[in-house]
Amino acid sequence: MIVKSREIVSMIISDTPNKMDFSFPKNEKLKSKKLIDSLFAEGKSVSYYPIKLIYLKTELPKRVSIQTGATVPKKNFKSAVKRNRIKRLLREGYRLNKHLVFNNSKTSFAFLFLYLGKDTPQYNTIDESMKLVLRKFNKKINHG
RNA sequence: CAAGCAGGCCACCUUAUCGCCGUGUGCUGAACCUAGUUCGGCGCAGGGAGGAAAGUCCGGACACCAUAGUGCGGCAUAGCGGGUAACGCCCGUCGUUUCGUUUUUAACGGAACAGGACAAGUGCAGCAGAAAGUAUGUACAGGUAAUGCUGUAGUGAAAUCAGGUAAACUCUAUGCGGUGAAACGUCAUGUAAAUCGGUGUUUGAGGGCUGCACGCCCGAGCCGAAGGGUAGGCGGUUAGAGCCUUUGGGCAACUGAAGGCCUAGAUAAAUGAUAGGGAUCCGCCUCUGGCGGAGACAGAAUCCGGCUUACGGCCUGCUUUUUAA
RNA sequence: GGAGUGUUAGCUCAGUUGGUUUAGAGCAUCGCCUUGACAGGGCGGGGGUCGUUGGUUCGAAUCCAAUACACUUCA
């Protein structure tokens with residue numbers, strides 16, 4: 001199991017000809033309070049437990065196609081350490097899987113990932129459900 | 001070995017891959033006519049959570065409000081002396097209480113203490129008790145010319161004793177102006193210097209975020225209704241009552257001098273993820289080892305000094321049999 | 001980051017300022033009566049570490065301190 005996942009990572013890195021982008025720079029972070037407010041007000045959502053993705057098709061201030069944020073509700077996790085840990089895991093999950101949704105389309109989106117679970121997760125589960133959520137999102141965009 | 005007390009130290013390490021945030025430095029792309037500015041890209045070097053970052057319980061620095069002023073009110077502290085920028089913190093010392101395996105006394109050691117004043121005034125005290133503060137009854141004994149005049153018993157936490165109680169009001173001494181980085185400064189963006197009603201311009205509306213009054217300053221707008229816009233950047237913002245070493249002073253807290261060091265600055269908020277190896281601890285077993293598991297409390301948000309609380313491990317010292325009559 | 005409030009029976013609240021009396025009220029629950037039976041009504045009962053710990057006091061739900069939890073609010 002351990003060796004397998006290691007191989008997968010190395011395969012992704014070495015076998016892709018275009019040098020897949022795993023970076024997550026400042027411009028791709030969702031920072032505007034205004035945008036976040038409008039996300040909660042009029043955004044649509046896709047969810048696959050324990051991750052919920054709220055998205056909105058809008059104009060972005062920077063020249064990127066997606067800006068992403070992650071939140072964990074304080075109600076479910078009181079400890080700031082645990083909240084931080086989950087947010088970091090969500091960021092990692094998005095960073096390593098964002099090639100699924102980055103297809104140079106002209107439409108730009110604002111993303112916000114919510115963690116709905118009540119236990120601190122392992123990276124494996126975050127990774128799997130992140131992939132599923134992003135595929136669900138793609139389906140919805142292409143067909144609707 | 002175990003327990004208790006006191007003090008000190010650490011806060012898993014390392015390799016690979018992929019990432020994040022500052023700093024320094026080198027090269028470089030695009031936009032505008034140039035100077036230069038703005039937006040980027042690549043490389044190198046070095047840095048990147050805590051002992052409590054927490055609770056927000058105290059004290060400051062700093063900023064604005066009059067160079068923060070007067071009176072009342074309010075709040076805090078409380079033996080004495082010292083330390084400190086300051087403190088409700090720390091150190092020393094006196095006293096009281098308590099512990100040190102039978103009792104008493106003394107010494108010694110440990111622990112706790114919001115430990116000023118009820119000899120200014122006011123209030124309060126269930127039950128019990130004659131009586132709880134303008135109080136004086138019963139029994140016995142003593143005493144007087146006579147009398148609760150004196151003692152003992154009894155009730156109670158407390159009984160003419162300068163009674164008890166101030167974490168009761170209060171008094172005394174000392175200290176405290178208010179608001180807190182969402183303070184404050186500055187740049188940019190943008191609408192509405194619009195509409196309706198009320199009120200006011202030296203006979204002064206309103207404001208200066210102070211509980212009230214005074215005083216001072218600013219002063220032409222202010223209040224309400226309905227509605228509209230912006231909610232961004234930069235500074236403040238990390239070199240500081242800073243840390244380490246040596247040494248002088250002091251019982252100590254602490255402090256003088258010399259030398260060395262630079263040690264996070266994010267803002268929907270960085271300090272991470274995955275995989276391997278190694279130490280640590282726990283459990284089990286077929287015990288020179290093997291297998292499985294765990295990794296405490298917890299995340300900077302202007303910055304310092306304390307206190308309190310949460311919590312894993314290691315090391316050192318002392319006590320667990322104190323002494324005398 | 002700052003400021004503030006609350007915690008009492010299964011639930012919603014009094015009582016706390018100003019100390020000592022059995023910690024009360026409504027709903028819920030249990031028993032009995034009323035009814036052929038149910039609802040409703042009447043009578044009676046049980047149920048409380050007063051969030052936790054410590055202190056002051058003769059005595060603490062109440063005063064003081066620490067702590068836990070929940071909630072509100074501020075450009």
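As the structure is a computational prediction, the values presented were derived from the model and not from experiment.
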Chi class for rA49(B): syn within 90° of 0, otherwise anti: syn
Distance test, side-chain N/O of Arg88(A) to OP1/OP2 of rU271(B), below 4.0 Å: yes
From rA298(B), rG40(B), rG19(B), nucleotide with atom closest to Phe24(A) side chain: rG19(B)
Base partner of rC108(B), which must satisfy Watson-Crick or wobble distances under 3.5 Å: rG100(B)
Side chain of Ala80(A) - closest among rG299(B), rU274(B), rC18(B): rG299(B)
Length of the line joining Lys29(A):NZ and rG19(B):P, which is rounded to integer Å: 14 Å
Within residues 49-58 of chain A: residues closer than 4.0 Å to RNA chain B (heavy atoms): none
Chi-based syn or anti call at rU319(B), which uses purine or pyrimidine torsion atoms and a 90° bound: anti
Lys87(A): partners by salt bridge (charged side-chain N to carboxylate O under 4.0 Å, His left out), with sequence neighbours left out: none
Sugar-phosphate only, base, or nothing, as touched by Lys26(A) at under 4.0 Å among non-hydrogen atoms: sugar-phosphate
Torsion-based syn/anti label for rG83(B), 90° from 0 as limit: anti
Asn84(A), nearest nucleotide to its side chain (from rA49(B), rC20(B), rG19(B)): rA49(B)
Closest to side chain of Phe22(A), choosing from rG299(B), rA269(B), rC18(B): rC18(B)
Sugar-phosphate, base or nothing in reach of Leu30(A), heavy atoms under 4.0 Å: sugar-phosphate
Counterpart base for rA239(B), defined by Watson-Crick or G-U wobble contacts under 3.5 Å: none
Of the listed nucleotides rA298(B), rU274(B), rC20(B), the one nearest the side chain of Arg85(A): rU274(B)
Sugar-phosphate only, base, or nothing, as touched by Arg91(A) at under 4.0 Å among non-hydrogen atoms: sugar-phosphate
Salt-bridge criterion met for Arg95(A) and Glu92(A) (N-O under 4.0 Å): yes
Residue met sooner reading RNA chain B from 5', once Pro25(A) and Ser79(A) are mapped to nucleotides: Pro25(A)
Among rC69(C), rA298(B), rC21(B), the one nearest Lys78(A) by side-chain distance: rC69(C)
Arg83(A): partners by salt bridge (charged side-chain N to carboxylate O under 4.0 Å, His left out), with sequence neighbours left out: none
Partner nucleotide of rC281(B) by Watson-Crick or wobble geometry (both distances under 3.5 Å): rG293(B)
N or O in side chain of Lys31(A) less than 4.0 angstrom from rU267(B) OP1/OP2: yes
Leu89(A) side-chain proximity, nearest of rA49(B), rC20(B), rA273(B): rA273(B)
More than 12 heavy atoms from other groups under 6.0 Å of CG on Asn76(A): yes
Any strand: nucleotide that pairs with rU199(B) via Watson-Crick or wobble, under 3.5 Å: rG221(B)
Identity of whatever pairs with rU191(B) - Watson-Crick or G-U, under 3.5 angstrom: none
Syn/anti state of rG22(B) by chi, 90° boundary around 0: syn
Any strand: nucleotide that pairs with rU29(C) via Watson-Crick or wobble, under 3.5 Å: rG45(C)
Torsion-based syn/anti label for rU56(C), 90° from 0 as limit: anti
Note, Phe40(A) side chain near Ile54(A) side chain (heavy atom, < 4.5 Å): yes
G-U wobble or Watson-Crick pairing nucleotide for rG51(B) (cut-off 3.5 Å, both distances): none
Greater than 12 external heavy atoms within 6.0 Å of Tyr48(A)'s OH: no
Strand partner of rG36(B), provided both Watson-Crick or wobble distances fall under 3.5 Å: rC32(B)
